[in-house]
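Remember, it's a predicted structure, so these values are computed and weren't measured experimentally. Note that these values count all heavy atoms, side chains included, but never hydrogens, waters or copies made by symmetry.
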Amino acid sequence: MIRQRTIKKAFETVGIGLHSGRKVKLALRPAPVDTGIVFRRIDMNPPVAIKAEPERVNDTRMATTLDKGQAKIATIEHLMSALSGLGIDNCYVEVDGAEIPIMDGSGASFVFLIKAAGVEEQDAPRKFVRVKKPIEIHAGDKWASLEPFNGYKLSFAIDFGHPAIDATAQFVEVDFDNHTYINDVAKARTFGFVNDLEMLRSYGLAQGGTLDNAVVMDDYHVLNPDGLRSNDEFAKHKLLDAMGDLYVLGHPLVAHYKAFKSGHDLNNKLLRKLLSEPDSWEFVTFEDSSKAPPAFTNALVIPNI
């Protein structure tokens with residue numbers, strides 16, 4: 001049986017919020033079966049718990065933000081992407097501020113911390129959301145879709161019209177039957193443009209952005225001294241973001257996600273549209289793991305650090 005999983009032991013780390021620029025303490029703790037991913041603002045009195053659910057996402061400016069009343073937790077997508085990629089179903093995420101720390105701008109730091117904490121199987125079947133019919137959403141020339149597929153695959157195309165980005169791969173596809181999150185997705189960093197920095201900061205965004213936690217470009221070039229981590233890093237990071245945005249659903253998908261120029265807003269609207277059409281999806285479990293698509297058994301194998 002493919003079982004639900006949580007982390008084996010709690011861990012804490014400290015980092016900087018990409019948009020707030022503030023120091024943030026983050027802790028992940030094991031959670032019982034069927035808890036899901038639950039964020040806690042422990043700096044509020046009393047503390048506020050916000051479960052990762054599509055309807056809790058009401059701000060997608062440059063990041064995915066959960067809210068509940070006056071409590072907000074921003075920039076959850078990279079952590080959610082790592083939890084998705086490592087198959088963590090249940091976890092408490094405690095933070096003493098309004099944003100998850102950016103770390104190095106990718107999912108790799110979260111992968112390292114989760115692997116160090118260890119992963120523990122739980123005594124309940126993992127619940128998947130299987131897409132039964134195509135769902136699509138558009139915004140101008142941007143679009144995202146979910147299609148029936150016996151496994152989990154993501155295809156993403158970008159078009160930024162920027163010389164440094166245009167010189168790299170414009171399309172990436174990851175089929176988890178043949179790829180792993182750790183090797184093929186986790187290391188792709190977020191990116192931004194120097195020319196946008198002043199505008200973003202006037203809106204209270206990108207206060208903590210540096211060359212240590214993002215790929216930064218001027219009008220023509222990548223400014224990071226070490227350059228890119230791979231020729232598809234820009235497109236791959238958009239795919240990484242999409243994985244995190246989709247995991248807000250609360251369950252892993254059995255589907256093929258396809259997108260062109262999609263972002264946090266469109267990804268969330270895609271989930272809401274899926275849930276609004278009950279005949280387009282169903283819950284499934286795999287009581288016999290040998291009959292499950294390799295995508296879901298591969299995720300259970302986490303290499304040592």
What pairs of residues pass the side-chain hydrogen bond (donor to acceptor under 3.5 Å, both in side chains) test when at least one of them lies in [range], not counting sequence neighbours?
range            : answer
residues 43-55   : Arg41-Asp43
residues 238-258 : Thr64-Asp245, His78-Asp241, Arg126-Tyr247, Glu147-Lys258, Ser155-His256, His237-Asp241, Asp245-His264, Asp245-Asn267, Tyr257-Asn267
residues 156-170 : none

Handout entry: Pairs meeting criterion salt bridge (Lys or Arg N to Asp or Glu O under 4.0 Å) with involvement of residues 182-191, two or more places apart
Key = Arg189-Glu233

Completion exercise
Residues at least two apart in sequence or cross-chain that pass salt bridge (Lys or Arg N to Asp or Glu O under 4.0 Å) with Glu136, listed by chain then number, are none

Exercise for the section: May I ask you to check whether Phe296 and Phe128 place their ring centers less than 6.0 Å from one another? Expected result: yes

Exercise for the section: Could you point out which residue of Leu274, Val129, Val131 forms a side chain to side chain contact (heavy atoms under 4.5 Å, CB included) with Ser280? Expected result: Leu274

Problem - Residues Asp219 and Asn195: side-chain donor-acceptor under 3.5 angstrom - result: yes

Exercise for the section: Verify whether one side chain among Ser81 and Tyr181 offers a donor that lies under 3.5 Å from an acceptor in the other. Expected result: yes

salt_bridge([X], [Y]) N-O dist < 4.0 Å:
X      : Y      : value
Glu120 : Arg5   : no
Asp279 : Lys133 : yes
Glu277 : Lys132 : no
Lys72  : Asp59  : no
Arg130 : Glu282 : yes

[Y] backbone acceptor or donor facing [X] side chain under 3.5 Å:
X      : Y      : value
Asp104 : Ser106 : yes
Thr6   : Ala31  : yes
Asn213 : Thr210 : yes

Handout entry: Neighbour count above 12 (heavy atom, 6.0 Å) for Lys261 NZ
Key = yes

Handout entry: Nearest-0.5 Å distance that lies between atom CE in Met103 and atom CZ in Phe112
Key = 10.0 Å

Practice task
Apply salt bridge (Lys or Arg N to Asp or Glu O under 4.0 Å) to the pair Arg29 and Glu94, showing each step before the final yes or no.
Solution key: CA-CA 8 Å; Arg29 305 191 186 282; Glu94 296 180 350; 3.0 Å; yes

Exercise for the section: Assign the ring pair Phe234 / Phe191 to parallel, tilted or perpendicular, where the plane angle (0 to 90°) is split at 30° and 60°. Expected result: perpendicular

Practice task
Run through the side-chain heavy atoms of Ile, Leu, Val, Met, Phe, Trp and Tyr, join any pair under 4.5 Å, and report what else lands in Trp143's cluster.
Solution key: Phe260

